[in-house]
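In what follows, every chain begins at residue 1, and chains take the letters A, B, ... in the order their sequences are listed.
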Amino acid sequence: MADKKFYITTPIFYPNAKLHLGHAYTTTLSDILARYHRLMGEKTYFLTGSDENTQKMVEAARKEGKEPLVFLDEIVSKFSSLFKELDISYDQFIRTTDQKAHWPGAQKLWGKLADSGDIYKKGYEGLYCVGHEAFITEKDLVDGKCPDHGTVPEFLKEENYFFKLSKYTEPIKAKILSGELEICPQSRRNEILALLEEGLEDVSFSRPRKADWPQGLGVPVPGDNSQVMYVWCDALANYITALGYANEGDLYKTFWPANVQVLGKDILRFHAAIWPAMLISAGVPLPKALLVHGFITSGGKKMSKTLGNVIDPEELLAEYGTDAVRYFLARHISPFEDGDITREAFKDAYNADLANGLGNLVARIMKLAEDNLERGARPEPEEFPHEYTDALKKFEVNKAADVIWERIKLLDQQITDTAPFKVIKTNPEEGKELILALTQELYGIGRMLNPFMPTTSKIIKEAIVNNKKPGNLFVRKE
RNA sequence: AGCGGGGUGGAGCAGUAGUAGCUCGCCAGGCUCAUAACCUGGAGGUCGGGGGUGCAAGUCCCUCCCCCGCAACCA
């Protein structure tokens, strides 16, 4: 058990705008799993990062009249401040412009693919949409413009390197069917199998280096400086380059293959098709599991600026605090399907579950303890309930949280049923025993809360040990 | 056109054949340790429509309607 390892990754995020609630969800979900495995004594490594070699970032920067690399640093520092506010315990933040940490590994991976005969050069001409960073077909155009971006595409003639993805349709299918590559939930697994049934097409793997790109942006294709890697070999590679794939050092040897790679449903295809194909081609083991979550909607609709239903994570954090936001994301959003959030629903959950539920329970038990016990309890560590650990093993963080809140309800009932506040007046010894038992149960809740609400967990456990009622944990909101 | 997800008491959800559950809200009672909290009880659903299979169907089959998403280089 002690030498078990756990490697978990989030996707790397696009730095062309600040992060939204969806990113906060991916990251919080991953963090809960990472903290859980640390709690279980496993050697854990948690990677997140940013996907920086993108045209969109360059455009976003120029729109604001900023130097791309300066703009990039600003945005990425906002990423880390959001992660800090969410109490994300990542071990490493990989940036794909990092020429020491990322580039050598990406280039090594490219080399392996080339060695396997899976990289070839092909001319391509067509209409290129800058917004898509891709070629689009004439029939997609509306009034000669890209319907998504409203811009006129340019006619481009390029030579690119391609990756023989088509070759890997069957091998990937076999890995998924054998369970070597697990895809959670089942519905996503089915989806990707259906896609594989249709067969995969080769994908373009490079772009000619743009004259206006700043130095330091874009990983050069080995042996051809006129080309930079396109997103696949660049971005997806981060999961291994961050561990030092370039020289296959200790970190890499210890942690790869990943135990779980967390991602949103929009990038399933890339992670379940292109990424495994690259790894097979390079002779690198596949991640054990992909955890594919849904989107967060608001009022049943995809959040969008035009609908005006966007809820910013910063806004919730400012009003309710870190652990409350983590709580909502963990318990009220499913790790497998789309989840919904509204300000109203958040407030209701906050009041019911945190203020009236957890917060009030801590207050009533700790008041009894502080007033009647001579000293704090010294609870012995005990096993976690199976329903809790089983749920977390299956990535069902919401179910695991349910287990905690079932206990909270039970404890509230227990206080009413055993009435220690009454017993203490007539039979002090028995009253104290009842109260001590309550603090021990509460301590168990504190321990289970650790992955979900790290600060709250700590406050509760310390309160019990020190026999001191803490201030209100969650103030009721009207 | 296709693919995927979904339509269950006021709201949000669980429930893949055998007396319809949970949370929030609402009503009544209890308690007084607690953050006007907590506990108990109650009202409220012909489980989107129609047809079928079964002794028995939210639960299986067919069909129709409605909502949401995806549709390969877009977190």
Side-chain angles (χ1 to χ4, degrees), chain A residues 10-17 19-27 50-51 56 129 131-136 148-149 165 185 187-188 190-192 194-195 197-198 200-205 230-232 235 263-270 273-274 293-297 300-302 331-332 334 336-342 344-345 347-349 351-372 398-399 402 405-406 408-409 411-425 431 434-435 438 469 471-478:
Chain A
T10 72
I12 49 176
F13 303 113
Y14 264 51
N16 53 348
L19 298 180
H20 54 63
L21 206 52
H23 300 113
Y25 181 71
T26 307
T27 318
S50 51
D51 180 6
K56 277 192 185 165
C129 170
H132 277 91
E133 290 186 49
F135 287 96
I136 59 177
D148 293 338
H149 298 93
L165 180 60
S187 54
R188 297 294 167 206
N190 294 345
E191 191 178 325
I192 206 71
L195 182 81
E197 213 51 55
E198 291 169 23
L200 300 169
E201 284 173 27
D202 292 353
V203 285
S204 115
F205 241 46
Y230 188 51
V231 59
W232 314 124
L263 49 128
K265 65 181 182 181
D266 54 322
I267 47 176
L268 169 65
R269 288 154 188 244
F270 318 138
I274 301 177
H293 68 253
F295 284 145
I296 298 181
T297 57
K301 299 237 162 63
K302 196 165 169 174
R331 180 138 184 257
H332 292 279
S334 158
F336 306 131
E337 290 165 41
D338 287 357
D340 199 68
I341 184 171
T342 58
E344 197 61 24
K347 194 176 88 180
D348 286 349
N351 280 334
D353 306 334
L354 298 181
N356 300 349
L358 178 62
N360 183 243
L361 179 71
V362 171
R364 55 196 306 215
I365 293 179
M366 287 319 298
K367 173 72 171 155
L368 286 168
E370 189 180 275
D371 289 352
N372 297 293
N398 52 342
K399 294 266 166 61
D402 284 345
W405 263 263
E406 276 161 24
I408 289 171
K409 191 169 181 60
L411 264 192
D412 267 327
Q413 287 169 346
Q414 190 177 322
I415 296 172
T416 305
D417 293 346
T418 61
F421 44 86
K422 225 181 251 174
V423 174
I424 198 83
K425 290 174 189 159
L434 290 172
I435 294 166
L438 289 173
K469 176 178 180 287
N472 281 5
L473 260 34
F474 302 99
V475 178
R476 223 188 128 80
K477 305 270 183 188
E478 291 313 322

Checklist entry - Looking at Glu406(A) and Lys409(A), does any basic side-chain N land under 4.0 Å from a carboxylate oxygen? => result no
Quantified in whole Å, what is the [atom1] atom distance between nucleotide [N] and nucleotide [M]?
| N | M | atom1 | result |
| --- | --- | --- | --- |
| A72(B) | C3(B) | C1' | 14 Å |
| G42(B) | G21(B) | P | 12 Å |
| G41(B) | C24(B) | P | 14 Å |

When we call it a touch if two heavy atoms are under 4.0 Å apart, what does [X] touch: a base, just sugar-phosphate, or nothing?
| X | result |
| --- | --- |
| Gly264(A) | nothing |
| Asn360(A) | base |
| Trp405(A) | nothing |
| His20(A) | base |

Checklist entry - Is Gln413(A) near enough to U40(B) that one of its side-chain N or O atoms lies under 4.0 angstrom from OP1 or OP2? => result yes
Checklist entry - Given that Leu354(A) and Gly357(A) both sit by RNA chain B, which one's nearest nucleotide is further toward the 5' end? => result Leu354(A)
Item to check | Of Glu337(A) and Leu473(A), the one whose closest RNA chain B nucleotide lies more 5' | outcome: Glu337(A)
Item to check | Set of residues satisfying salt bridge (Lys or Arg N to Asp or Glu O under 4.0 Å) with respect to Lys422(A), sequence neighbours excluded | outcome: none
Checklist entry - Where are the stems of RNA chain B, defined as at least 3 consecutive Watson-Crick or wobble G-U pairs with both distances under 3.5 Å? => result B:2-7 with B:65-70, B:10-13 with B:21-24, B:26-30 with B:38-42, B:48-52 with B:60-64
Using a cutoff of under 3.5 Å, can you pull out all pairs of nitrogen or oxygen atoms linking the protein to nucleotides 24-33 of chain B, with atom names and distances?
| from | atom 1 | to | atom 2 | distance (Å) |
| --- | --- | --- | --- | --- |
| C33(B) | O2' | Arg364(A) | O | 3.4 |
| C33(B) | O2 | Arg364(A) | NE | 3.1 |
| C33(B) | N3 | Arg364(A) | NE | 3.3 |
| C33(B) | N3 | Arg364(A) | NH2 | 2.5 |
| C33(B) | N4 | Arg364(A) | NH2 | 3.1 |

